[in-house]
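What follows is one structure encoded as structure tokens, with my remarks underneath.
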Amino acid sequence: MIAYDPDNWAKLIVRFRGSIVSHVVEQAFLGGLIGIIAKIIFDRSSFELASSVHLYLTQTLALVLVFRTQISYERYWNGRLQIARVEANAKKLVLHSSTLCDGDDRHNVEERARILRHLNLMFAVIIQELRSEDDSQTLIEENILQQDEFERLKNCDHRPSVIATWISKTIHEMTRRGAVSEQRFGLLYNCVREIIHAWTEMDAMVKTPLAFPYAQLIKTWMFLYTATLPFVFATLYGWWTPVLSALASVLVYGIDEIGVIIENPFGHEKNDLPLTGIRQMMNRNLMILLNQRDKQDELVEELKSELFEETDGARRKAAEEEDDFDENEFKYVQHRRYIARIFGNVMRFAGKKR
């Protein structure tokens, strides 16, 4: 996703990166070429197309394009809402497990940490499923997927659902040991169910494109409009016809291309949602929630360093997705984190000595 200042209209107009222009270069060239042909035909035969007749094409096409863009933006916004739904229920699950779970023995601490790791894993797998990817090696490198879990997930068609069963099993184990009551079990399980519902809606969105007859009608109508518009311009604007025809093609095809791009907001396009950055932010928030109860526990510190620490590659990938990557700043942040880690270890060692 590209960040921009809506108040700085001058910079917004001239910014090329992430704009729609690069997607409609061929259509603009074709429109200009038809404009040249229309001008030559008009000069030789005085053929012209009445603007009043072409007005009906304009009105119909405008209605179709507005409807198509509205559908795409609804899908884009609904996709963001489902991502927020996953975030909200993940936070609720960690919050409930850290506040409603009785006992601070090793079993309870490990189970709360396992729920957090599996939530992070589920979100990462959901992102891969939405992008039709299967990069388990990256998840292993990030210490959120263990080798035995990798074997169980391998060749699975619905990996998020499998991970949801692992979380549910952990919650059930906490209930069986008496750390969570049956009523509280319902609250925890409802969060898992809501995450699965959100994943199901996003999966259906990705696998259900715009209906073929509607997409075909839009493309055909746009071509008819841009192919006949130069014959209207030729009688009014002379050799400005190719330029105006090219600009008209950019406008018409650009509006349709916007709808195509935002129809699926889960990909790697510059204007898609920064899912990797959203996941890392969610994981940091979940760690904060969990540490409110277990922050003094040395076991949690150990589990945090082993299971939840983000890799440099993951940070780089998130920054590149957000179109805000700077190599020098990235190295500077690395050095600061390294120094902070050393300082924290020294202070922890000094505290143990006392």
Side-chain angles (χ1 to χ4, degrees), residues 1 66-97 115-136 139 144-145 153 155-171 185-215 218 258-283 285-286 289 318 321-322:
M1 178 182 289
V66 167
F67 184 65
R68 191 261 188 280
T69 307
Q70 181 180 3
I71 292 176
S72 298
Y73 187 75
E74 287 179 355
R75 290 166 62 97
Y76 183 89
W77 183 242
N78 186 48
R80 184 61 185 94
L81 289 179
Q82 297 308 320
I83 291 294
R85 185 179 177 187
V86 172
E87 290 183 90
N89 283 280
K91 292 176 183 177
K92 286 170 60 178
L93 180 55
V94 172
L95 179 63
H96 291 334
S97 64
I115 289 175
L116 177 55
R117 179 173 65 83
H118 282 162
L119 283 173
N120 191 15
L121 175 62
M122 179 186 287
F123 201 174
V125 169
I126 285 176
I127 293 174
Q128 291 188 4
E129 291 287 333
L130 294 174
R131 293 174 171 175
S132 300
E133 299 173 348
D134 187 1
D135 189 7
S136 299
L139 303 180
I144 60 175
L145 177 64
L153 283 180
N155 300 324
C156 286
D157 293 331
H158 301 282
R159 292 183 295 167
S161 300
V162 175
I163 300 171
T165 62
W166 298 349
I167 299 176
S168 300
K169 184 178 179 181
T170 301
I171 299 173
F185 171 81
L187 292 174
L188 298 174
Y189 179 73
N190 184 63
C191 297
V192 180
R193 185 178 60 183
E194 287 295 316
I195 293 176
I196 290 299
H197 286 173
W199 144 245
T200 304
E201 289 199 23
M202 290 186 287
D203 184 58
M205 185 188 308
V206 171
K207 295 180 180 178
T208 310
L210 188 68
F212 170 76
Y214 195 82
I218 292 176
I258 291 173
V260 173
I261 291 175
I262 67 176
E263 188 176 42
N264 179 9
F266 307 117
H268 293 285
E269 292 282 344
K270 292 181 177 61
N271 291 292
D272 288 333
L273 298 173
L275 298 182
T276 303
I278 293 174
R279 178 175 73 85
Q280 292 181 355
M281 180 61 69
M282 184 197 76
N283 192 42
N285 292 335
L286 296 183
L289 290 175
E321 275 194 7
E322 295 176 0

Sub-3.5 Å donor-acceptor pair from the side chain of T69 to the main-chain atoms of V66, do we have one?
no
How many angstroms lie between atom OG of S136 and atom CD of Q128, to the nearest 0.5 angstrom?
6.5 Å
Consider only side-chain N and O atoms of R75 and N78, and report whether a donor and an acceptor are under 3.5 Å apart.
no
Heavy-atom distance under 4.5 Å between the side chains of M205 and N264, does that happen here?
no
Report yes if the side chains of L153 and W166 come closer than 4.5 Å at any heavy-atom pair, otherwise no.
yes
Can you name the closest pair of heavy atoms from S161 and W199 and give their distance?
OG-NE1, 4.2 Å
Can you check whether L119 reaches I195 side chain to side chain, under 4.5 Å on heavy atoms?
yes
For V125 versus P160, what's the shortest heavy-atom pair and its separation?
CG1-CD, 3.8 Å
Can you tell me how far CD1 of I163 sits from CZ of R117, rounded to the nearest 0.5 angstrom?
9.5 Å
Quick one, R80 and L273 - any side-chain contact, counting heavy atoms below 4.5 Å?
yes
Please give me the minimum heavy-atom distance between R68 and Y214, naming the atom from each residue.
N-OH, 3.8 Å
Considering non-hydrogen atoms only, spot the tightest contact between V86 and A198 and give its length.
CG2-CB, 3.7 Å
Could you tell me whether E133 and R159 have a side-chain N and a carboxylate O separated by less than 4.0 Å?
no
Check the pair L286, N120 against side-chain contact (heavy atoms from CB on, under 4.5 Å), reporting the backbone distance first and the verdict last.
CA-CA 9 Å; L286 296 183; N120 191 15; 5.9 Å; no
Please report the closest heavy-atom contact between I261 and D272, naming both atoms and the distance.
O-OD1, 3.9 Å
Kindly compute the distance separating CG (L130) from CG (L275), expressed to the nearest 0.5 Å.
7.0 Å
Mind jotting down which residue pairs meet the ring pair (Phe, Tyr, Trp, His ring centres under 6.0 Å) criterion with at least one end in residues 74-97? Sequence neighbours excluded, please.
none
For the atom pair NE2 (H158) and OG1 (T165), what is the distance rounded to the nearest 0.5 Å?
13.0 Å
Minimum side-chain heavy-atom gap L116-N283 below 4.5 Å:
yes
Distance, nearest 0.5 Å, that separates CG of L93 from OH of Y189
12.5 Å
Can you find a pair of side-chain heavy atoms, one from N271 and one from I262, that are under 4.5 Å apart?
no
Just how far is it from atom CD1 of I167 to atom CG of L188, taken to the nearest 0.5 Å?
11.0 Å
Say whether, by atom type as modelled, one donor and one acceptor occur between the side chain of R131 and the main chain of H268 under 3.5 angstrom.
no
Restricting to salt bridge (Lys or Arg N to Asp or Glu O under 4.0 Å), what partner residues turn up for E201, sequence neighbours left out?
R85
More than 12 heavy atoms of other residues, nucleotides or ligands under 6.0 Å from CZ of F185: is that the case?
yes
E263 backbone acceptor or donor facing S72 side chain under 3.5 Å:
no
Smallest heavy-atom separation, I83 atom then I278 atom, equals CG2-CG2, 3.9 Å
